[in-house]
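Working notes, structure below.
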Amino acid sequence: MPDVRFGAMSENRKPQIRNPESKIQNPKSAAAIFIDRDGTINEDLGYISTPEDLIVYPWVAEAVRLINEAGLKAIVVTNQSGIARGSCTEDDLRRIHDRMTSELWREGARIDAVYYCPHHPDYGDERYRRECQCRKPQPGMLRAAAREHDIDLGRSWVIGDKASDINLASAAGARGALVLTGYGGETLAYPDRWPCEPELVADNLLDAVRRILDTRSQRR
(Lines give C-alpha, C1' and ligand atoms only; values in the text may rest on other atoms or scores of the structure.)
Protein backbone atom coordinates (compact mmCIF):
# COMPACT_ATOMS: atom_id res chain seq x y z
CA MET A 1 0.00 0.00 0.00
CA PRO A 2 1.42 3.43 -0.89
CA ASP A 3 1.63 6.12 1.78
CA VAL A 4 -1.36 7.94 0.31
CA ARG A 5 -4.77 8.74 1.66
CA PHE A 6 -7.51 10.16 -0.49
CA GLY A 7 -11.21 10.87 -0.34
CA ALA A 8 -13.03 8.35 -2.52
CA MET A 9 -16.75 8.65 -1.91
CA SER A 10 -19.71 6.77 -3.24
CA GLU A 11 -21.88 9.44 -4.83
CA ASN A 12 -21.07 10.60 -8.34
CA ARG A 13 -21.10 14.20 -7.21
CA LYS A 14 -18.08 13.51 -4.96
CA PRO A 15 -14.52 12.43 -5.80
CA GLN A 16 -14.12 8.84 -6.91
CA ILE A 17 -11.20 6.74 -8.08
CA ARG A 18 -12.75 6.51 -11.53
CA ASN A 19 -15.52 9.05 -11.88
CA PRO A 20 -17.82 8.07 -14.79
CA GLU A 21 -18.68 11.72 -15.37
CA SER A 22 -15.08 12.72 -16.03
CA LYS A 23 -14.51 13.99 -19.57
CA ILE A 24 -11.25 12.38 -20.60
CA GLN A 25 -10.26 12.89 -24.21
CA ASN A 26 -7.86 9.94 -24.11
CA PRO A 27 -8.50 7.74 -21.06
CA LYS A 28 -5.16 5.92 -21.46
CA SER A 29 -3.12 9.11 -21.56
CA ALA A 30 -5.05 11.80 -19.72
CA ALA A 31 -3.61 15.09 -18.54
CA ALA A 32 -4.49 16.53 -15.14
CA ILE A 33 -4.21 19.75 -13.21
CA PHE A 34 -3.18 18.98 -9.64
CA ILE A 35 -4.27 21.69 -7.22
CA ASP A 36 -2.89 22.46 -3.79
CA ARG A 37 -5.55 23.16 -1.17
CA ASP A 38 -4.62 25.68 1.55
CA GLY A 39 -3.67 29.03 0.05
CA THR A 40 -4.73 27.95 -3.44
CA ILE A 41 -8.33 26.72 -3.13
CA ASN A 42 -9.12 28.20 0.27
CA GLU A 43 -7.75 30.79 2.64
CA ASP A 44 -4.80 29.44 4.61
CA LEU A 45 -5.87 29.85 8.24
CA GLY A 46 -3.37 27.40 9.69
CA TYR A 47 -4.57 23.91 10.58
CA ILE A 48 -8.23 23.78 9.58
CA SER A 49 -10.02 21.33 11.84
CA THR A 50 -13.74 21.76 11.02
CA PRO A 51 -15.71 22.24 7.79
CA GLU A 52 -16.87 25.63 9.06
CA ASP A 53 -13.26 26.88 8.99
CA LEU A 54 -12.97 26.28 5.25
CA ILE A 55 -13.28 29.52 3.24
CA VAL A 56 -13.07 28.80 -0.50
CA TYR A 57 -11.81 31.63 -2.67
CA PRO A 58 -14.61 33.06 -4.88
CA TRP A 59 -12.81 32.34 -8.17
CA VAL A 60 -12.14 28.65 -7.55
CA ALA A 61 -15.40 27.26 -8.97
CA GLU A 62 -14.86 28.99 -12.30
CA ALA A 63 -11.28 27.71 -12.44
CA VAL A 64 -12.37 24.12 -11.79
CA ARG A 65 -15.19 24.39 -14.34
CA LEU A 66 -12.66 25.44 -16.97
CA ILE A 67 -10.56 22.37 -16.15
CA ASN A 68 -13.64 20.16 -16.45
CA GLU A 69 -14.66 21.70 -19.76
CA ALA A 70 -11.17 21.21 -21.16
CA GLY A 71 -11.43 17.47 -20.54
CA LEU A 72 -8.72 17.39 -17.88
CA LYS A 73 -8.79 15.83 -14.45
CA ALA A 74 -9.03 18.26 -11.51
CA ILE A 75 -7.26 16.61 -8.59
CA VAL A 76 -6.47 18.13 -5.19
CA VAL A 77 -3.13 17.17 -3.59
CA THR A 78 -2.51 18.44 -0.08
CA ASN A 79 -0.17 17.95 2.86
CA GLN A 80 -2.25 17.64 6.02
CA SER A 81 0.24 17.10 8.82
CA GLY A 82 -2.33 18.52 11.22
CA ILE A 83 -3.48 14.91 11.51
CA ALA A 84 -0.04 13.81 12.75
CA ARG A 85 0.11 16.86 15.03
CA GLY A 86 -3.29 16.04 16.55
CA SER A 87 -5.19 19.16 15.45
CA CYS A 88 -7.72 17.08 13.49
CA THR A 89 -8.53 13.47 12.63
CA GLU A 90 -8.84 11.79 9.26
CA ASP A 91 -12.63 11.77 9.78
CA ASP A 92 -12.51 15.53 10.35
CA LEU A 93 -10.53 15.91 7.14
CA ARG A 94 -13.02 13.85 5.16
CA ARG A 95 -15.82 16.12 6.36
CA ILE A 96 -13.81 19.20 5.37
CA HIS A 97 -13.16 17.78 1.91
CA ASP A 98 -16.80 16.74 1.57
CA ARG A 99 -17.80 20.34 2.19
CA MET A 100 -15.21 21.61 -0.28
CA THR A 101 -16.24 19.26 -3.11
CA SER A 102 -19.95 19.70 -2.42
CA GLU A 103 -19.67 23.50 -2.39
CA LEU A 104 -17.86 23.46 -5.72
CA TRP A 105 -20.30 20.92 -7.16
CA ARG A 106 -23.22 23.23 -6.41
CA GLU A 107 -21.48 25.79 -8.61
CA GLY A 108 -21.05 23.31 -11.45
CA ALA A 109 -17.39 22.46 -10.71
CA ARG A 110 -16.21 18.87 -10.28
CA ILE A 111 -13.18 17.76 -8.26
CA ASP A 112 -12.29 14.28 -9.51
CA ALA A 113 -10.23 13.16 -6.52
CA VAL A 114 -8.62 14.42 -3.34
CA TYR A 115 -5.25 13.03 -2.24
CA TYR A 116 -3.74 13.98 1.09
CA CYS A 117 -0.68 13.12 3.16
CA PRO A 118 -1.34 12.87 6.93
CA HIS A 119 2.29 12.23 7.88
CA HIS A 120 5.08 14.23 9.45
CA PRO A 121 8.67 13.09 10.05
CA ASP A 122 8.77 14.49 13.62
CA TYR A 123 5.22 14.41 15.02
CA GLY A 124 2.49 11.90 15.74
CA ASP A 125 2.24 8.27 16.76
CA GLU A 126 3.53 5.28 14.81
CA ARG A 127 0.76 5.62 12.23
CA TYR A 128 1.73 9.12 11.19
CA ARG A 129 5.30 9.88 12.23
CA ARG A 130 7.38 8.73 9.30
CA GLU A 131 9.49 9.72 6.33
CA CYS A 132 6.98 9.00 3.58
CA GLN A 133 6.83 9.32 -0.18
CA CYS A 134 3.53 11.19 -0.23
CA ARG A 135 4.48 14.34 1.69
CA LYS A 136 5.14 17.14 -0.80
CA PRO A 137 7.58 17.66 -2.44
CA GLN A 138 7.89 13.86 -2.65
CA PRO A 139 5.93 12.64 -5.70
CA GLY A 140 3.93 9.80 -4.13
CA MET A 141 0.50 11.43 -4.39
CA LEU A 142 0.99 12.28 -8.06
CA ARG A 143 2.32 8.83 -8.90
CA ALA A 144 -0.65 7.21 -7.18
CA ALA A 145 -3.03 9.46 -9.12
CA ALA A 146 -1.22 8.64 -12.37
CA ARG A 147 -1.73 4.91 -11.76
CA GLU A 148 -5.32 5.18 -10.61
CA HIS A 149 -6.51 7.69 -13.22
CA ASP A 150 -4.32 6.80 -16.22
CA ILE A 151 -2.65 10.21 -16.13
CA ASP A 152 0.37 11.28 -18.13
CA LEU A 153 2.33 13.36 -15.62
CA GLY A 154 4.49 14.81 -18.38
CA ARG A 155 1.40 16.54 -19.81
CA SER A 156 0.11 17.64 -16.40
CA TRP A 157 0.50 20.68 -14.15
CA VAL A 158 0.74 21.33 -10.42
CA ILE A 159 -0.65 24.63 -9.12
CA GLY A 160 0.16 25.85 -5.63
CA ASP A 161 1.43 28.66 -3.44
CA LYS A 162 4.51 27.04 -1.88
CA ALA A 163 7.95 25.92 -2.95
CA SER A 164 6.92 22.36 -2.10
CA ASP A 165 4.29 22.50 -4.86
CA ILE A 166 6.80 23.64 -7.47
CA ASN A 167 9.36 21.09 -6.33
CA LEU A 168 6.63 18.42 -6.39
CA ALA A 169 5.93 19.19 -10.04
CA SER A 170 9.62 18.81 -10.87
CA ALA A 171 9.98 15.57 -8.90
CA ALA A 172 7.02 14.02 -10.72
CA GLY A 173 8.00 15.22 -14.20
CA ALA A 174 5.06 17.64 -14.39
CA ARG A 175 5.01 21.43 -14.87
CA GLY A 176 4.61 23.89 -12.01
CA ALA A 177 2.59 27.08 -11.62
CA LEU A 178 2.92 29.37 -8.59
CA VAL A 179 -0.06 31.40 -7.41
CA LEU A 180 0.33 34.58 -5.37
CA THR A 181 -2.50 33.80 -2.97
CA GLY A 182 -1.71 32.20 0.39
CA TYR A 183 2.06 32.06 0.83
CA GLY A 184 2.69 32.70 -2.85
CA GLY A 185 4.12 36.20 -2.40
CA GLU A 186 6.53 34.99 0.26
CA THR A 187 7.51 32.00 -1.89
CA LEU A 188 8.26 34.29 -4.81
CA ALA A 189 10.39 36.53 -2.60
CA TYR A 190 12.66 33.65 -1.53
CA PRO A 191 13.55 31.69 -4.68
CA ASP A 192 16.49 30.00 -2.91
CA ARG A 193 13.94 27.76 -1.16
CA TRP A 194 12.78 26.11 -4.37
CA PRO A 195 15.20 25.14 -6.17
CA CYS A 196 12.87 24.44 -9.10
CA GLU A 197 11.42 27.52 -10.76
CA PRO A 198 7.75 27.57 -11.81
CA GLU A 199 6.94 27.74 -15.48
CA LEU A 200 4.46 30.49 -14.74
CA VAL A 201 3.48 32.81 -11.88
CA ALA A 202 -0.20 33.73 -11.67
CA ASP A 203 -2.34 35.98 -9.49
CA ASN A 204 -4.60 33.14 -8.36
CA LEU A 205 -5.95 29.73 -9.37
CA LEU A 206 -8.28 31.10 -12.04
CA ASP A 207 -5.50 33.13 -13.65
CA ALA A 208 -3.21 30.08 -13.61
CA VAL A 209 -5.81 27.78 -15.17
CA ARG A 210 -6.66 30.26 -17.92
CA ARG A 211 -3.00 30.66 -18.83
CA ILE A 212 -2.34 26.91 -18.76
CA LEU A 213 -5.30 26.25 -21.04
CA ASP A 214 -4.17 29.04 -23.38
CA THR A 215 -0.76 27.40 -23.55
CA ARG A 216 -2.33 24.03 -24.39
CA SER A 217 -4.49 25.53 -27.14
CA GLN A 218 -1.51 27.29 -28.72
CA ARG A 219 0.38 23.99 -28.95
CA ARG A 220 -2.37 22.25 -30.88
Side-chain angles (χ1 to χ4, degrees), residues 1-9 14-19 22 24 28-41 44 47-48 67 72-85 87-94 96-97 100-101 111-179 182-183 187 193-199:
M1 292 289 290
D3 287 332
V4 173
R5 308 288 194 274
F6 79 108
M9 304 180 189
K14 298 173 182 175
Q16 296 186 350
I17 293 178
R18 301 186 186 280
N19 189 332
S22 298
I24 298 300
K28 294 301 180 184
S29 184
I33 294 183
F34 295 95
I35 311 169
D36 170 56
R37 197 193 80 178
D38 300 321
T40 304
I41 288 178
D44 192 338
Y47 296 112
I48 294 175
I67 297 171
L72 308 180
K73 285 282 190 181
I75 297 178
V76 175
V77 288
T78 177
N79 285 351
Q80 291 299 323
S81 68
I83 294 171
R85 295 171 185 268
S87 65
C88 71
T89 66
E90 293 197 62
D91 285 340
D92 293 332
L93 189 64
R94 291 187 184 100
I96 291 165
H97 287 160
M100 176 184 71
T101 56
I111 296 293
D112 292 293
V114 177
Y115 288 75
Y116 65 93
C117 171
H119 307 120
H120 193 282
D122 302 318
Y123 297 98
D125 60 24
E126 64 276 4
R127 293 174 297 167
Y128 299 123
R129 185 168 60 189
R130 66 178 71 174
E131 293 281 355
C132 65
Q133 288 298 307
C134 58
R135 180 174 168 82
K136 294 188 278 185
Q138 297 298 322
M141 288 190 283
L142 265 61
R143 288 177 178 169
R147 291 191 301 270
E148 294 164 0
H149 294 271
D150 300 313
I151 290 168
D152 181 351
L153 293 176
R155 296 168 52 214
S156 300
W157 286 78
V158 178
I159 303 175
D161 67 315
K162 297 184 180 70
S164 59
D165 299 303
I166 306 307
N167 295 335
L168 167 66
S170 177
R175 305 168 73 183
L178 178 72
V179 292
Y183 285 92
T187 301
R193 297 178 183 175
W194 310 25
C196 306
E197 294 187 9
E199 291 205 26

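These figures come from a predicted structure and were not determined experimentally.
Exactly one residue among I96, V76, I111, D112 makes a side chain to side chain contact (heavy atoms under 4.5 Å, CB included) with T101. That residue is I111.
Closest non-hydrogen pair, A32 versus I151, comes out as CB-CD1, 3.7 Å. When all heavy atoms are compared, the tightest approach of A74 to I67 is CB-CG2, 3.8 Å. Annotation for I48 and C88: closest pair O-SG, 4.2 Å, computed over non-hydrogen atoms. Here the closest heavy-atom approach between residue G176 and residue W157 is recorded as O-CZ3, 3.7 Å. Residues A163 and T187 come closest through the heavy atom pair N-CG2, 3.5 Å. Of all the heavy atoms in Y47 and S87, the pair that sits closest is CB-OG, 3.5 Å.
The closest side-chain heavy-atom distance from S156 to I33 is not below 4.5 Å. In this structure, Q80 and P118 have side chains that are not in contact, with every pair of non-hydrogen atoms separated by 4.5 Å or more. Considering only heavy atoms from C-beta on, I75 stays 4.5 Å or farther from E148 through its side chain. Taking 4.5 Å as the limit, some side-chain heavy atom of V114 sits within range of a side-chain heavy atom of M100. Counting heavy atoms from C-beta on, the side chains of V179 and D36 never come closer than 4.5 Å.
For the atom pair NE2 of H119 and CZ of R130, the computed distance is 4.0 Å after rounding to the nearest 0.5 Å. Remark: I159 CD1 to I166 CD1 distance equals 9.5 Å, nearest 0.5 Å. Here the CD-CZ distance, from Q138 to R143, works out to 8.5 Å after rounding to the nearest 0.5 Å. Interatomic distance, CZ of F34 versus NZ of K136, reported as 11.5 Å (0.5 Å rounding). Here the CG atom belonging to N167 is positioned 11.0 Å from the CD atom belonging to E197, to the nearest 0.5 angstrom. Separating the CD1 atom in I35 from the NZ atom in K73 is a distance of 13.0 Å, to the nearest 0.5 Å.
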Could you walk me through whether R94 and D91 pass salt bridge (Lys or Arg N to Asp or Glu O under 4.0 Å), step by step? CA-CA 5 Å; R94 291 187 184 100; D91 285 340; 3.0 Å; yes
Test H97 against T78 for side chain to side chain contact (heavy atoms under 4.5 Å, CB included), laying out the working first. CA-CA 11 Å; H97 287 160; T78 177; 4.2 Å; yes
Please test S81 against Y128 for side chain to side chain contact (heavy atoms under 4.5 Å, CB included), starting from the C-alpha separation and ending with a verdict. CA-CA 8 Å; S81 68; Y128 299 123; over 6 Å; no
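Using a 30° and 60° split on the angle between ring planes, H149 and Y115 fall in the perpendicular class, above 60°.
Checked by atom type and distance alone, the side chain of D161 pairs as donor or acceptor with a backbone atom of Y183 at under 3.5 Å.
Applying the side-chain contact (heavy atoms from CB on, under 4.5 Å) criterion to A171, with sequence neighbours excluded, gives P139.
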